[in-house]
Protein chains: 2
Amino acid sequence: MTGKTYTSVWLREPRKATSPGRSREEIVRAALDLLDEEGIDGLSMRKLGAKLSAGATSLYWYVANKDELLELAYDETWGAIIVPDPEEAGWRETTSVLAHSMRQVMLRHPWIANLLGRLPALGPNALRVADRMRQAFKLAGFTGFDVDYAGATLTGYVYGMTLPEIAWNSTMAADDYDADTMRAQVRKAAADFPEMLDRVDMDTYEDPRMMRAVAFDFGLVSVLDGLERRLVT
Amino acid sequence: MTGKTYTSVWLREPRKATSPGRSREEIVRAALDLLDEEGIDGLSMRKLGAKLSAGATSLYWYVANKDELLELAYDETWGAIIVPDPEEAGWRETTSVLAHSMRQVMLRHPWIANLLGRLPALGPNALRVADRMRQAFKLAGFTGFDVDYAGATLTGYVYGMTLPEIAWNSTMAADDYDADTMRAQVRKAAADFPEMLDRVDMDTYEDPRMMRAVAFDFGLVSVLDGLERRLVT
DNA sequence: ACCTGAACACCGTTCAAGT
DNA sequence: ACCTGAACACCGTTCAAGT
């Protein structure tokens, strides 16, 4: 009955804002810097403390633990997602812009990938995005739970499409790798799978960035088409 | 020119199999146990060593580092994904079964979520799945790069839909939480977003598991419809 | 109200040394 | 060929103590 209730920064009373000393905002900003520069492993309470010329443990006065800090940083990045006003732009334009913007933000902050399966997105920025997306799908004509299903489908698509892209970028020393040896290695790994070999032999690896952008748009159109089809039947 | 080439377990010569002592398979199996029981943080080289009654550092003879071990465990789980023979089942049935099976496997091994954005899926099991999926889409009528786009769309959808589900499960003490307080807390967090409030007030949280399964299928049908539509235009 | 340092219980990985 | 232990350079978090 009592049960351990779910905890997240966003579900607790914020500590009273007081003037002096450090602030939560400052800490989150510094954490974001560290994350963007060095990735998820680059953020440690000790390093963050040093960056703010404070003891590592001082931070625990502002934040319950590291996960909470990550939740805050996480939501912060969602603030950069562009969502047009659905009333003006129409549902298809709105959701399409949203999807592209979401992908861009994820690519710009690749450490997000480590949080998607671990922390819920309940911050104000995440909610703003979700809210507008729901408006858009309602405007399209979805009702009841279908609004949720449509929304889950779209964000699902974006996450899933962008994650492998991030994984790829992260294992590739972005600057110095050479397309030929790369291709040779993958061909070897795929030796037993004829379909895969076919694919490797296309000039897939010449401009992967471009390729992925095209794939994203192709899929997005398909997903939106599929959703639209739901409306008429 | 020389360039640091991309490294992954799958792109290196396997160490010669020798009879005595521990084996790579044994180590991977033990790692999987630990991961399934305790999650991604439950696996440490020290604990794994202890489980095999070996020194933690002995494992480094079989495996270059922890990431490689994770790559091996990762691919192992993909072995459980069911993919029908496209020739027999047809492309729509094949891809649909694949998608559902992929989701099940991910839910059964939630620690996978932490690897999706970090490690590439180049193991034999992952390739088998990818290969069959390509067969299916070719059979459907896709050609050239469109085969890739369609595949990326489908797996993208599955990843993205299942990840938030995993995140949700992981932050919820699966056994003991009470739907009412949960709802109240979320309602508070969503106070400023009318659309979100609407949604919270539906009986969303009564049977989330069911709800997510329905959402998954709804979206999947939409995605496949959208892809199919590509074929006729 | 805020910050500190010491301390606890951990990590992954290297490497010289053993058999 | 395989395994070990000691050692290095780290972690997140607690907590009594300071101002």
Side-chain angles (χ1 to χ4, degrees), chain A residues 4 7-9 12-28 30-31 34-35 37-74 111 114-115 118-119 170-171, chain B residues 4 7-9 12-28 30-31 34-35 37-74 111 114-115 118-119 170-171:
Chain A
K4 177 172 110 187
T7 74
S8 158
V9 223
R12 297 196 285 99
E13 295 296 340
R15 193 180 286 281
K16 262 201 208 69
T18 51
S19 39
R22 278 163 262 277
S23 73
R24 200 180 240 199
E25 290 73 43
E26 190 191 356
I27 290 169
V28 172
L34 231 33
L35 287 166
E37 283 162 24
E38 308 185 30
I40 195 82
D41 293 330
L43 176 65
S44 78
M45 300 305 269
R46 284 169 157 91
K47 270 205 265 190
L48 183 57
K51 193 173 171 126
L52 296 162
S53 31
T57 57
S58 312
L59 307 173
Y60 284 85
W61 202 84
Y62 296 91
V63 131
N65 51 46
K66 196 186 177 184
D67 269 4
E68 266 204 19
L69 180 58
L70 284 171
E71 254 189 299
L72 292 164
Y74 186 18
W111 46 271
N114 292 267
L115 307 183
R118 202 153 59 82
L119 303 174
S170 89
T171 42
Chain B
K4 177 171 109 187
T7 74
S8 159
V9 223
R12 296 196 287 98
E13 295 296 340
R15 192 181 286 282
K16 264 201 208 68
T18 51
S19 40
R22 279 162 261 278
S23 73
R24 201 179 238 196
E25 291 73 42
E26 190 190 359
I27 291 171
V28 171
L34 231 34
L35 287 166
E37 283 163 22
E38 309 184 31
I40 196 82
D41 293 329
L43 175 66
S44 78
M45 300 305 268
R46 284 168 157 89
K47 269 205 265 191
L48 184 56
K51 194 172 171 126
L52 296 164
S53 33
T57 56
S58 311
L59 308 173
Y60 284 86
W61 202 84
Y62 296 92
V63 131
N65 52 45
K66 196 186 177 184
D67 269 3
E68 265 204 18
L69 180 58
L70 284 171
E71 255 188 300
L72 292 164
Y74 187 18
W111 46 272
N114 291 267
L115 306 183
R118 203 152 59 80
L119 302 174
S170 91
T171 42

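Sequence lines set the chain letters: A, B, ... in the order given, protein chains first and strands last, and positions in each chain run from 1.
Of all heavy-atom pairs between Ala73(A) and Leu35(A), the closest is CB-CD1, 4.0 Å. The minimum heavy-atom distance linking Val63(A) with Asn65(A) is given by the pair CG1-O, 3.0 Å. Taking every heavy atom of both residues into account, Met45(B) and Tyr60(B) meet most closely at CG-OH, 3.6 Å. Nearest heavy-atom pair across Ala30(A) and Leu52(A) is CB-CD2, 3.9 Å. Across all non-hydrogen atoms, the minimal contact from Arg118(B) to Asp67(B) is NH1-OD1, 3.1 Å.
OP1 or OP2 of dT4(C) has not a single side-chain nitrogen or oxygen of Tyr60(A) nearer than 4.0 Å.
Without hydrogens or angle criteria, Arg46(B) side chain to Ala56(B) main chain gives no donor-acceptor distance under 3.5 Å.
Non-hydrogen atoms lying under 4.0 Å from DNA chain D are contributed by Lys47(A), Thr57(A), all within residues 47-59 of chain A.
Atom CG in Leu70(B) sits roughly 12 Å away from atom C1' in dG12(C) (whole-Å rounding). Summarising the geometry, the separation between CG on Leu43(B) and P on dG12(C) is reported as 7 Å, rounded to the nearest angstrom. Here dC2(C) presents its C1' atom at 6 Å from OH of Tyr62(A), a figure rounded to the nearest Å. Summarising the geometry, the separation between CD1 on Ile40(B) and P on dC10(C) is reported as 19 Å, rounded to the nearest angstrom. For Trp61(B) and dG18(C), the CH2 to C1' distance is 16 Å, given to the nearest whole Å. One can place CG of Asp41(A) at 16 Å from P of dC11(C), the figure rounded to the nearest angstrom.
For the atom pair CD1 (Ile27(B)) and CH2 (Trp61(B)), the distance works out to 10.0 Å, reported to the nearest 0.5 Å. Put simply, CG on Leu43(A) and CD on Glu37(A) are 11.5 Å apart, with the number rounded to the nearest 0.5 Å. A distance of 10.5 Å separates CD1 in Ile40(A) from CG in Leu34(A), rounded to the nearest 0.5 Å.
Separation of the P atoms belonging to dC10(C) and dA9(D) is 22 Å when rounded to the nearest angstrom.
Between Met45(A) and Arg46(B), the residue anchored closer to the 5' end of DNA chain D is Arg46(B), taking for each the nucleotide with the nearest heavy atom.
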Only Watson-Crick and G-U wobble pairs with both distances less than 3.5 Å should count. Give DNA chain D in dot-bracket notation, marking inter-strand partners with |.
||.|||||...|||||.||
